[in-house]
Amino acid sequence: LRGHLRFPSPASLDGQTDLSHEGPGAHGGHLRPTKVVSEGGERVAQAKEALVGRFHSYFVNFVCVLIEAGRAECLRECFKVYDTLYSEAHGICRANVYSAVSLSDAQKEALRHTLEKKTGKRVELLCHIDPSLLGGVRVAMEGELFDGTVRFKLDRLRDALSAVTL
């Protein structure tokens with residue numbers, strides 16, 4: 001998905017070891033990829049051991065620079081921004097799909113195809129199960145909500161009936 005460079009997704013960072021360096025950033029606030037002989041240096045070594053050979057060297061170096069600068073806590077946000085920019089540049093749209101039960105592969109493919117025709121972009125479905133919807137599908141993407149769930153229709157019917165005076 002992310003071209004020939006191998007970078008993890010933001011979601012894959014959940015539960016990872018905290019590599020942040022406590023205290024003010026090293027190097028007087030300048031980001032320089034130098035070897036640090038401190039707790040940060042140990043964290044850099046741990047990061048390299050965990051990442052080298054699994055990810056592109058640019059990513060490994062970037063993580064090391066963040067650790068050395070005492071800014072490793074920014075890594076998750078950096079990935080979110082990177083992921084957003086990558087998706088925009090490559091015409092990818094993510095759609096959160098909510099349904100009462102798991103959708104079959106054929107249903108997912110039909111929904112993906114419909115959304116791709118509507119947006120003109122490649123659509124990645126992020127499927128979630130919410131039994132309270134009772135049936136149908138709710139899709140949230142690009143700031144829009146498409147609600148075809150039974151719960152939504154029942155709520156509209158209830159509202160319409162409560163507006164009627166006898």
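Predicted model, so just to flag it, every value in this text is computed and none were measured. Positions are given from 1 along the sequence.
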**Request:** Before giving the answer on side chain to side chain contact (heavy atoms under 4.5 Å, CB included), spell out for Glu116 and Arg122 the whole-Å C-alpha distance, their side-chain angles and the decisive distance to 0.1 Å.
**Result:** CA-CA 6 Å; Glu116 286 177 347; Arg122 191 172 96 215; 3.7 Å; yes
**Asked** Checking side chain to side chain contact (heavy atoms under 4.5 Å, CB included) for the pair Ser99/Asp130: CA distance, chi angles, key distance, verdict?
**Response** CA-CA 6 Å; Ser99 59; Asp130 181 355; over 6 Å; no
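- Expressed to the nearest 0.5 Å, how far NZ of Lys153 lies from CG of Leu134 amounts to 12.0 Å.
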**Message:** Run the side chain to side chain contact (heavy atoms under 4.5 Å, CB included) test on Thr149 and Val137 for me, step by step, so that the C-alpha distance in whole Å, both residues' side-chain angles and the decisive distance to 0.1 Å come before the verdict.
**Reply:** CA-CA 5 Å; Thr149 61; Val137 177; 5.6 Å; no
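- Here the straight-line distance linking atom OG of Ser57 with atom NZ of Lys48 works out to 11.0 Å at 0.5 Å rounding.
- When the side chains of ILVMFWY residues are joined at heavy-atom separations under 4.5 Å, either directly or via intervening members, Tyr98 and Leu111 end up in two distinct hydrophobic clusters.
- Atom NE2 of His128 sits in a crowded spot, with more than 12 heavy atoms from other residues, nucleotides or ligands closer than 6.0 Å.
- At least one donor-acceptor pair under 3.5 Å links the side chain of Gln107 to the backbone N or O of Ser104.
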**Asked** Does the salt bridge (charged side-chain N to carboxylate O under 4.0 Å, His left out) test come out yes or no for Asp83 and Arg94, once each step is laid out?
**Response** CA-CA 11 Å; Asp83 199 45; Arg94 289 189 181 76; 3.3 Å; yes
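- A distance-only check finds no donor-acceptor pair linking the side chain of His113 to the backbone of Glu109 [under 3.5 Å].
- The existence of a salt bridge linking Arg112 and Glu124 is excluded, since no basic side-chain nitrogen approaches an acidic carboxylate oxygen closer than 4.0 Å.
- Under the 30°/60° scheme for interplanar angles, the aromatic rings of Phe59 and Phe79 are found to be tilted.
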**Request:** Show your reasoning for whether side chain to side chain contact (heavy atoms under 4.5 Å, CB included) applies to Val60 and His56.
**Result:** CA-CA 7 Å; Val60 176; His56 194 278; over 6 Å; no
